[in-house]
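Okay, so here's the structure we're looking at.
Read the numbers this way: they start at 1 and go in the same order the structure lists the ligands and their atoms.
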Amino acid sequence: MTFAVPALLINMKIGIVCYPTFGGSGVVATELGKGLAKLGHEVHFITYSQPTRLDFFSENLFYHEVDIKSYPLFEHAPYELALASKMVSVVKYEKLDLLHVHYAIPHASAAYMAKQILKTQGIQIPVITTLHGTDITLVGKDPSYEPVVTFSINQSDGVTSVSEDLKRETYAHFDVTRDIEVIPNFIDLDRFKRLKKEHFKTAICPNGEKLLVHTSNFRKVKRVEDVIQVFFEVRKVIPAKLLLVGDGPERDKMERLCRELGTCDDTRFLGKLEAVEEVLSVADLFLMPSEKESFGLAALEAMACEVPILTSNVGGIPELNINGVTGFACNVGDVQDMKEKALFILDEKNLPTFKANALARAKEFDISEILPMYVAYYNRVIKNTLASI
Ligand code: GMT
């Protein structure tokens, strides 16, 4: 990786707060932290468990576990308070320059509380909140969270969103007065690339079948049932196999649907896989028929592995998937259209072009292009915050 290093604050001390699990926001936050550490910044992750992709040693990476103390009186342990307390101590003792929280709920409000506590101790800490998607489009809009989400976004010193569409959605549904900087998701093309895995392809598709792949957290919003229905339709026309990567609340239902449609012999549920690039390396088509999707990081990972994508046309997906070029973007739930578009892409006359286009587009989102945007934004926010004291 080669990055253009901005003139200001060469070595920052940055606190990153995220969900450390398999979700897209946690992946973006972890990869961002790793990229910043490679640039020489000191990065402190503050989470309730070790982020999934942070399982190695680096002199610039630190991990602070949030201690969640429970008590018989609590029906739910007060995570937000434990997180705010941990932020206070890490900012104070590690002398951080900035807190960057990913996913508004409850990270932005916990950061606000930490900031106020630190202020009483004479410490000013700028806070940046990155909006990832469901924190705005699903959960955040709910009246049980909306006032706190609006307040904590407005109280952040900087706000970023992962697509223009998510920025529009935020202004449409929340009384947000802050400027929102759009910084898209990114990919490390050194890791996500088409690997030589022909033996794997032969094992799954022994008769040259086309391989369709879907990866997600199997939540309702992902519409995994459409993946299975599209596959069912495609398989009526050409020999094909389906790999489903990930796990979540809809998994059982999806296994039942496969049994009902009689597609089980050609479908494999792989569960949570860390080396997803190995599966993507043998795929012919990636499916993302989501109901809502603020960016679609999983689709970008597929494109980096030279896999065309068939998606819905909602949210920020059209900012990634160029219709008719890198794949197709169809109306949510239009299985017939998706089937026709899938067959068009999978036609050997078209497939090589779609594959090449997918990779070319993915290159525009390489970490080396996007990381400098975060560094420049950090510098701007720190400068503005210091100027306003
Ligand atoms: O629901 C998910 O897909 C997970 C979620 C998350 O926050 O962990 O992903 C969201 O953030 C990703 C990273 O910015 C985006 O690429 C996904 O599009 C977004 N998911 C949705 O909007 C549904």
Side-chain angles (χ1 to χ4, degrees), residues 16-33 35 47-49 51-53 100-108 128-142 145 149 153 159-170 172-173 180-188 192 214-224 226-227 244-251 272 276 286-304 309 311-321 329 332 361-362 365 367 370-371 373-374:
I16 291 187
V17 178
C18 64
Y19 283 107
T21 48
F22 274 81
S25 60
V27 169
V28 168
T30 312
E31 295 300 328
L32 173 62
T47 65
Y48 58 78
S49 71
T52 318
R53 293 189 182 180
H100 185 179
V101 305
H102 292 259
Y103 206 89
I105 305 168
H107 302 150
I128 293 178
T129 299
T130 289
L131 310 173
H132 279 273
T134 48
D135 46 352
I136 293 299
T137 57
L138 277 180
V139 201
K141 269 185 198 167
D142 192 281
Y145 293 114
V149 172
I153 292 175
V159 183
T160 78
S161 81
V162 298
S163 63
E164 291 290 344
D165 183 80
L166 186 60
K167 176 177 171 174
R168 275 194 296 274
E169 282 266 318
T170 308
H173 297 286
I180 299 177
E181 181 90 356
V182 175
I183 305 184
N185 284 177
F186 55 84
I187 189 90
D188 183 353
F192 283 90
H214 169 78
T215 68
S216 78
N217 47 26
F218 282 62
R219 286 195 248 140
K220 264 195 182 332
V221 71
K222 301 293 176 182
R223 294 188 67 97
V224 186
D226 289 357
V227 172
L244 295 151
V245 182
D247 211 332
E250 291 286 286
R251 161 105 181 242
K272 288 178 183 172
V276 65
F286 182 84
L287 300 171
M288 179 181 266
S290 307
E291 180 101 40
K292 289 180 193 295
E293 199 70 57
S294 65
F295 181 88
L297 179 62
L300 175 58
E301 291 178 346
M303 291 160 82
I309 59 173
T311 64
S312 53
N313 55 11
V314 293
I317 300 179
E319 293 170 47
L320 173 69
N321 186 9
V332 172
R361 181 74 175 144
F365 297 91
I367 187 167
I370 310 300
L371 201 103
M373 294 186 193
Y374 275 112

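Listed by number with element, the atoms of ligand 1 under 4.0 angstrom from any heavy atom of F295 are 16 (O), 18 (O). Each of the following atoms of ligand 1 lies closer than 4.0 Å to a heavy atom of V162: 14 (O). Taking a cut-off of under 4.0 Å to the non-hydrogen atoms of T134, the atoms of ligand 1 that pass are 23 (C). Annotation for ligand 1: atoms under 4.0 Å from non-hydrogen atoms of G133 are 22 (O). Which parts of ligand 1 touch N217 is read off a 4.0 Å heavy-atom cut-off, strictly below it: atoms 1 (O), 2 (C), 3 (O), 4 (C). For ligand 1, the atoms sitting less than 4.0 Å from at least one non-hydrogen atom of R219 are 1 (O), 2 (C), 4 (C), numbered in the order shown with element in parentheses.
Judged purely by atom type and a 3.5 angstrom limit, H100 has no side-chain atom pairing as donor or acceptor with the backbone of I128. Here the side chain of S312 pairs a donor or acceptor atom with the backbone of S290 at under 3.5 angstrom. Judged purely by atom type and a 3.5 angstrom limit, R361 uses its side chain to pair as donor or acceptor with the backbone of L320. At least one donor-acceptor pair closer than 3.5 Å links the side chain of S163 to the backbone N or O of S294. Checking side-chain atoms of E319 against main-chain N and O of D165 turns up a donor-acceptor pair under 3.5 Å.
For the pair E293 and ligand 1, the shortest N or O to N or O distance falls below 3.5 Å. Between G24 and ligand 1, at least one N/O pair is under 3.5 Å apart. Taking any N or O of V28, backbone or side chain, none lies under 3.5 Å from an N or O belonging to ligand 1. Checked by distance only, ligand 1 and Y103 stay at 3.5 Å or farther apart across all their nitrogen or oxygen atoms. Residue V221 places no N or O, backbone or side chain, under 3.5 Å from any N or O of ligand 1. Residue L297 has at least one nitrogen or oxygen atom sitting less than 3.5 Å from a nitrogen or oxygen atom of ligand 1, judged on distance alone.
Heavy atoms of K292 found under 4.0 angstrom from ligand 1 belong exclusively to the backbone. Contact annotation for Y19 and ligand 1: no heavy atom of the residue comes within less than 4.0 Å of the ligand. Residue contacts with ligand 1, taken as heavy atom pairs separated by less than 4.0 Å, do not involve V27 at all.
The closest approach between H102 and ligand 1 stays at or above 4.0 Å for every heavy atom of the residue.
Atom OH of Y48 sits in a crowded spot, with more than 12 heavy atoms from other residues, nucleotides or ligands closer than 6.0 Å.
Classified by interplanar angle (parallel below 30°, tilted 30° to 60°, perpendicular above 60°), the ring pair Y19/H107 is tilted. Note: F295 and F365 have perpendicular aromatic rings, judged against thresholds of 30 and 60 degrees for the angle between ring planes.
Within the model, atoms CG of L166 and CD1 of I136 stand 6.0 Å from one another, a figure rounded to the nearest 0.5 Å.
Ion pair K222/E293 flagged as a salt bridge, since at least one NZ, NE, NH1 or NH2 atom sits closer than 4.0 Å to an Asp/Glu carboxylate oxygen.
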